[in-house]
Trainee: 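Attaching a single structure in structure tokens format; questions to follow.
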Amino acid sequence: MELDLSPRLPKKVYGGDGGSYFAWCPEELPMLRDGNIGASKLALEKYGLALPRYSDSPKVAYVLQGAGTAGIVLPEKEEKVIAIKKGDSIALPFGVVTWWFNNEDTELVVLFLGETHKGHKAGQFTDFYLTGSNGIFTGFSTEFVGRAWDLDETTVKKLVGSQTGNGIVKVDASLKMPEPKKGDRKGFVLNCLEAPLDVDIKDGGRVVVLNTKNLPLVGEVGFGADLVRIDGHSMCSPGFSCDSALQVTYIVGGSGRVQIVGADGKRVLETHVKAGVLFIVPRFFVVSKIADSDGLSWFSIVTTPDPIFTHLAGRTSVWKALSPEVLQAAFKVDPEVEKAFRSKRTSDAIFFSPSN
């Protein structure tokens, strides 16, 4: 069967006055199932509350738009109430309970990417809600709930039956929600738009990589992530993950062209991408991107905590390491062509502007 790597938009799963939850479907993007990858997006309107929940999969959250508040409870730890804003990345390991709230006029949009190899469904997150019409309390009898929390039957029925919302609700403006606490962001959040750059190439592009040094919880989720931004008409050089990792890419902003080449030198994807779409690069496949005039930015996870990439252009490319005679024979070209090929790119850059 032909490999379908076409970028996809998510489908709405549920929602209401408080906001909506979207997810990418393995049936439409088979590489999610094949690679055990989950991808979803939460969009909260003003006073929207994503009810407390936990998931069957570790994730990285990335705030695409707006600002708000997140509540995070690690197993047997106290709640952290964190102010979140555009550009924030948050590592969410197994067992963490979260809630999300927007008290601003601008819609709060959060992307979730993660692995599902231990999940109930390959390529799809399964969330377990603590409250709401589908919360865990609704499955227990009043006797069990009453005995567990030492409550009378009337109180149990009110506790379990009062919240009729599903997943996302809109709270009354008069309800005072928890205020973020100073210091709670430390170790939980990294703002990729403000963090020191791991790669910074003038008129080319910039990269911030999430790792255990700048976001310790990354070690517990088990995979890496990065935010890449390239300037107008710049190119991200062809490269591949040389440690059998999948790369899951969400286009954050701008637009551009993408090509992916797989086995037997076959181009398996040539497409134009824009903000909001997601695509997956299979293991060992070579990918390259060229930005349109408005630039191109993307947020990716790579399914290994310490990814290693091989770039095929620039001073450190594999071509520079191979002997001239081998290249002449391999390409079947004369020394002049081989020399031109080898000498054109002499920088360490992985991003190239039209002028360099």
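Quick note: numbers below take in every heavy atom, side chains included, and nothing from hydrogens, waters or symmetry partners.
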Trainee: Check side-chain contact (heavy atoms from CB on, under 4.5 Å) between Val160 and all other residues, then give those that pass, not counting sequence neighbours.
Mentor: Phe137, Thr138, Val156
Trainee: Mind checking the NE2-OG spacing from His117 to Ser57? Nearest 0.5 Å is all I need.
Mentor: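 Rounded to the nearest 0.5 Å, the NE2-OG separation comes out at 8.5 Å.
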Trainee: Among Asp4, Val261, Ile260, which one satisfies side chain to side chain contact (heavy atoms under 4.5 Å, CB included) with Val268?
Mentor: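 That would be Ile260; it is the only one of Asp4, Val261, Ile260 passing the side chain to side chain contact (heavy atoms under 4.5 Å, CB included) with Val268.
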Trainee: Taking ring pair (Phe, Tyr, Trp, His ring centres under 6.0 Å) as the definition, give me every residue that meets it alongside Tyr250, ordered by chain and number, with sequence neighbours left out.
Mentor: Trp24
Trainee: List the atom pairs, donor and acceptor, that lie under 3.5 Å between side-chain atoms in residues 183-194 and the rest of the protein, sequence neighbours left out.
Mentor:
unit_1: Asp184; atom_1: OD2; unit_2: Val81; atom_2: N; d: 3.1
unit_1: Arg185; atom_1: NH1; unit_2: Ala83; atom_2: O; d: 2.7
unit_1: Arg185; atom_1: NH1; unit_2: Asp88; atom_2: OD2; d: 2.7
unit_1: Arg185; atom_1: NH2; unit_2: Asp88; atom_2: OD1; d: 3.1
unit_1: Asn191; atom_1: OD1; unit_2: Leu193; atom_2: N; d: 3.0
unit_1: Asn191; atom_1: OD1; unit_2: Glu194; atom_2: N; d: 3.1
unit_1: Asn191; atom_1: ND2; unit_2: Lys86; atom_2: O; d: 3.0
unit_1: Asn191; atom_1: ND2; unit_2: Asp88; atom_2: OD1; d: 2.8
unit_1: Glu194; atom_1: OE2; unit_2: Lys85; atom_2: NZ; d: 2.8

Trainee: My understanding is that only residues two or more places apart in sequence, or in another chain, count here; which of them pass side-chain contact (heavy atoms from CB on, under 4.5 Å) with Lys11?
Mentor: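 Scan of Lys11 (side-chain contact (heavy atoms from CB on, under 4.5 Å), adjacent residues dropped) gives Glu28.
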Trainee: With distance as the sole test, does Asp152 use its side chain to make a donor-acceptor pair with the main-chain N or O of Thr154 at under 3.5 Å?
Mentor: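 Yes, because the side chain of Asp152 sits within donor-acceptor range (under 3.5 Å) of the backbone of Thr154.
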Trainee: Between Tyr62 and Trp298, does the ring centre distance come in under 6.0 Å?
Mentor: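 That pair fails the under 6.0 Å test.
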Trainee: Quick check against the 3.5 Å criterion: does Thr116 have a side-chain atom that pairs as donor or acceptor with the backbone of Gly123?
Mentor: yes
Trainee: Look at atom CG of Asp150 and say whether more than 12 heavy atoms of other residues, nucleotides or ligands are closer to it than 6.0 Å.
Mentor: no
Trainee: Quick one: side-chain contact (heavy atoms from CB on, under 4.5 Å) partners of Ser20, sequence neighbours excluded?
Mentor: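 Scan of Ser20 (side-chain contact (heavy atoms from CB on, under 4.5 Å), adjacent residues dropped) gives Lys12, Phe22.
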Trainee: Could you check whether the rings of Tyr21 and Tyr14 sit parallel, tilted or perpendicular, using 30° and 60° as the cut-offs?
Mentor: parallel
Trainee: Under a 3.5 Å distance rule, please check whether Thr212 uses its side chain to pair with a backbone N or O of Val218 as donor and acceptor.
Mentor: no
Trainee: Below 6.0 angstrom between ring centroids: does that apply to His120 and Phe128?
Mentor: yes
Trainee: Can you name the residues that form a side-chain contact (heavy atoms from CB on, under 4.5 Å) with Phe140, not counting sequence neighbours?
Mentor: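 Checked Phe140 against side-chain contact (heavy atoms from CB on, under 4.5 Å); matches are Phe144, Val145.
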Trainee: Could you give me the CA-CA distance, side-chain angles and deciding distance for Ser234 and Asp231, then say whether side chain to side chain donor-acceptor pair (under 3.5 Å) is met?
Mentor: CA-CA 5 Å; Ser234 292; Asp231 298 324; 4.9 Å; no
